[in-house]
There are 2 protein chains.
Amino acid sequence: MARRSDHSREEIHEMALSAAEKIVREQGYGGLSARKVAGAIGYTVGTLYLVFDNLDDLILQVNSRTLDRLHAQMLQEQSAHAPARERLLQLGHSYIRFANEDPHRWGMIFEHRFPPEQETPAWFRVKVERMFALVEARLEPLAGEHSANEIAQAARALWSGVHGICILAITDRLDIAGVSSVQQLTQFLMDNFLDGFISGCN
Amino acid sequence: MARRSDHSREEIHEMALSAAEKIVREQGYGGLSARKVAGAIGYTVGTLYLVFDNLDDLILQVNSRTLDRLHAQMLQEQSAHAPARERLLQLGHSYIRFANEDPHRWGMIFEHRFPPEQETPAWFRVKVERMFALVEARLEPLAGEHSANEIAQAARALWSGVHGICILAITDRLDIAGVSSVQQLTQFLMDNFLDGFISGCN
DNA sequence: ACCTGAACACCGTTCAAGT
DNA sequence: ACCTGAACACCGTTCAAGT
């Protein structure tokens, strides 16, 4: 058998990514397999390897789209005329809401390990950087005398904190229940950190 | 074939856990398999299932031992007569050092997902709680007027932050290099958070 | 009683062979 | 040129059969 040409290469590519996203949403990272993706789009496993290098490549491209959606949502949910401090909090809340709406897809960004021989692709780093940049931009008007380097550090420290709360809550390692408690804890972290960072307490 | 009785059940149990720890240290969570563990201790796969419920059970027991070692190390590296704030920083540094010395074994604690039908075992929660308790104890003498509930929140927020930095650094998502930068970022987070939390800036 | 080895239902990846 | 299907080397888990 062979030669169907029902779909172009680009169509198969897109169908596979969508199917993979659905599987991850429903069954998590561990539930994803090349055979399942192929089955879901009505092709054989071999076909996937005409369109992707391998399963890692497919996962990377799913993660890329997830990072794009996350970034877009964080941007969109910013109320333009709110004070900088409130907008910073909104970023945290957006991040947590996103993670909570699709925990598996969000989680795969961080669960997936790049094969040790090859390092993290540059474009992937850029997409992560882009998120820190969002935080830095909101931090800047609040930072007073702090240097650009200190602002960059603050963005990384603060965002690692938000991420840490998020991942521990979602994997059920924190002893708190419900999304609102997570939002509350995030606000608590950000409030205290910002109080320390902004005013010259130190 | 069969009937060797070279080792008692307990010995096989211990040998399997040790072998698993070695495999995880060298090849990571993804490199662990029942067949590899069995091969490493000179038994067949089937034998493992006389001693463990399944691979999840084995992983859980490895993680349990890792949590014990982590807790012991954090306790041990506390200098008893240092001021509370310094001891709090030491906890963070211990945590990061531990993660950095054996990233795969530390990482498996958080990468492993419990099967969705059964919830997190109670004894596992206890071991995680125990770590937060360590942080709370150091936080208490610094907390002034804060309520016990606020101290508990602060411990969770702060430790999530340390954990977040740790996991992003180890999986190469932060754009910083080397352990000392990670320690520096942790100190930066803790300093600012504590300044905000302790003094009545807010 | 203790352990094996083969079986079952799954993997990722490759590639000769079909249309 | 496009896609298949079978193959290879792996999985976790079970269990009849051997000593």
Side-chain angles (χ1 to χ4, degrees), chain A residues 1-17 19-20 22-24 26-63 104 108 111-118, chain B residues 1-17 19-20 22-24 26-63 104 108 111-118:
Chain A
M1 309 202 174
R3 179 146 215 191
R4 316 190 342 183
S5 296
D6 292 346
H7 306 279
S8 72
R9 246 178 137 77
E10 286 72 29
E11 285 172 323
I12 294 179
H13 183 94
E14 173 58 33
M15 287 159 66
L17 286 182
K22 190 176 177 220
I23 293 169
V24 172
E26 291 168 357
Q27 309 178 45
Y29 181 29
L32 184 66
S33 82
R35 283 177 156 90
K36 279 189 197 166
V37 173
I41 65 173
Y43 280 82
T44 338
V45 222
T47 305
L48 278 187
Y49 288 79
L50 298 170
V51 172
F52 299 96
D53 295 341
N54 47 42
L55 195 64
D56 262 11
D57 182 29
L58 189 153
I59 290 170
L60 214 58
Q61 296 195 33
V62 170
N63 283 345
H104 290 311
M108 194 166 76
E111 286 177 45
H112 177 65
R113 301 271 170 271
F114 299 100
E117 76 271 10
Q118 66 183 57
Chain B
M1 308 205 175
R3 179 144 213 195
R4 316 192 341 184
S5 295
D6 292 345
H7 305 280
S8 71
R9 246 179 136 79
E10 287 70 29
E11 284 173 323
I12 294 179
H13 183 95
E14 172 58 33
M15 287 159 66
L17 286 182
K22 189 175 179 222
I23 293 170
V24 172
E26 291 168 356
Q27 309 179 45
Y29 181 29
L32 183 67
S33 82
R35 283 177 157 90
K36 277 190 198 166
V37 173
I41 64 173
Y43 280 82
T44 338
V45 222
T47 306
L48 278 187
Y49 288 80
L50 298 170
V51 173
F52 298 96
D53 295 341
N54 46 43
L55 196 65
D56 263 11
D57 181 30
L58 189 154
I59 290 170
L60 214 58
Q61 297 195 32
V62 170
N63 283 345
H104 289 312
M108 194 168 73
E111 285 176 47
H112 177 64
R113 300 272 170 268
F114 299 100
E117 77 271 10
Q118 65 183 57

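- With C/dC3, D/dC3, D/dT4 as the candidates, the nucleotide lying closest to the side chain of A/Ile12 is D/dC3.
- For A/Glu11 and D/dC2, the CD to P distance is 13 Å, given to the nearest whole Å.
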TODO: Apply side chain to side chain contact (heavy atoms under 4.5 Å, CB included) to A/Leu17 and A/Phe52, showing your working.
DONE: CA-CA 10 Å; A/Leu17 286 182; A/Phe52 299 96; 4.0 Å; yes
Output one line per pair: protein atom, nucleotide atom from nucleotides 6-10 of chain C, and distance, for all N/O pairs under 3.5 Å.
residue, atom, partner, partner atom, Å
C/dA7, N6, B/Arg35, NH2, 3.3

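- Between the CD atom of B/Glu111 and the NE2 atom of B/His104 there is a distance of 9.0 Å, given to the nearest 0.5 Å.
- Separating the CG atom of B/Leu32 from the C1' atom of D/dC11 is a distance of 12 Å, rounded to the nearest angstrom.
- Taking CG from A/Asp53 and CG from A/Leu48, the interatomic distance works out to 12.0 Å, rounded to the nearest 0.5 Å.
- By the side chain to side chain contact (heavy atoms under 4.5 Å, CB included) test, B/Glu14 pairs with B/Ser18, B/Arg65, sequence neighbours left out.
- Summary of the strand contacts: B/Leu50 and A/Asp53 both lie near DNA chain C, and taking for each the nucleotide with the nearest heavy atom, the more 5' one is attributed to B/Leu50.
- Nucleotide C/dT13 holds its P atom 10 Å from the CG atom of A/Asp57, rounded to whole Å.
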TODO: Return one dot-bracket line describing DNA chain D 5' to 3' (Watson-Crick or G-U wobble pairs, both distances under 3.5 Å; ( ) same strand, [ ] crossing, | another strand, . none).
DONE: ||.|||||...|||||.||
Open item on the list: Quick one, B/Leu32 with B/Lys36, criterion side chain to side chain contact (heavy atoms under 4.5 Å, CB included). Give me CA distance, side-chain angles, the key distance, then yes/no.
Closed with: CA-CA 7 Å; B/Leu32 183 67; B/Lys36 277 190 198 166; over 6 Å; no
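- Rounded to an integer number of Å, the gap from CG of B/Leu58 to P of D/dC11 is 14 Å.
- With values rounded to the nearest 0.5 angstrom, A/Tyr49 atom OH is found 6.0 Å from A/Leu55 atom CG.
- With contacts defined as side-chain heavy-atom distances shorter than 4.5 Å, the pair B/Tyr29/A/Arg113 does not qualify.
- Residue A/Glu10 contributes atom CD, which lies 14 Å from atom C1' of D/dC2 at whole-angstrom precision.
- For D/dC2, neither phosphate oxygen OP1 nor OP2 lies less than 4.0 angstrom from any side-chain nitrogen or oxygen of A/Thr47.
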Task: Step-by-step side chain to side chain contact (heavy atoms under 4.5 Å, CB included) determination, A/Asp56 to A/Phe114 - done: CA-CA 8 Å; A/Asp56 262 11; A/Phe114 299 100; over 6 Å; no
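- Residue B/Tyr43 contributes atom OH, which lies 12 Å from atom C1' of C/dT4 at whole-angstrom precision.
- Between the CG atom of A/Leu48 and the P atom of D/dG5 there is a distance of 15 Å, rounded to whole Å.
- Going from atom CD1 of A/Ile41 over to atom C1' of D/dC2 covers 14 Å, rounded to whole Å.
- Taking every side-chain heavy atom of A/Thr44 into account, D/dC3 is the closest of C/dT13, D/dC3, D/dG12.
- Taking 4.0 angstrom as the limit, B/Tyr49 places none of its side-chain polar atoms (N or O) nearer than this to OP1 or OP2 of D/dT14.
- When each of D/dT4, C/dT13, D/dG12 is scored by its nearest atom to the side-chain atoms of B/Ala34, the top-ranked nucleotide is D/dG12.
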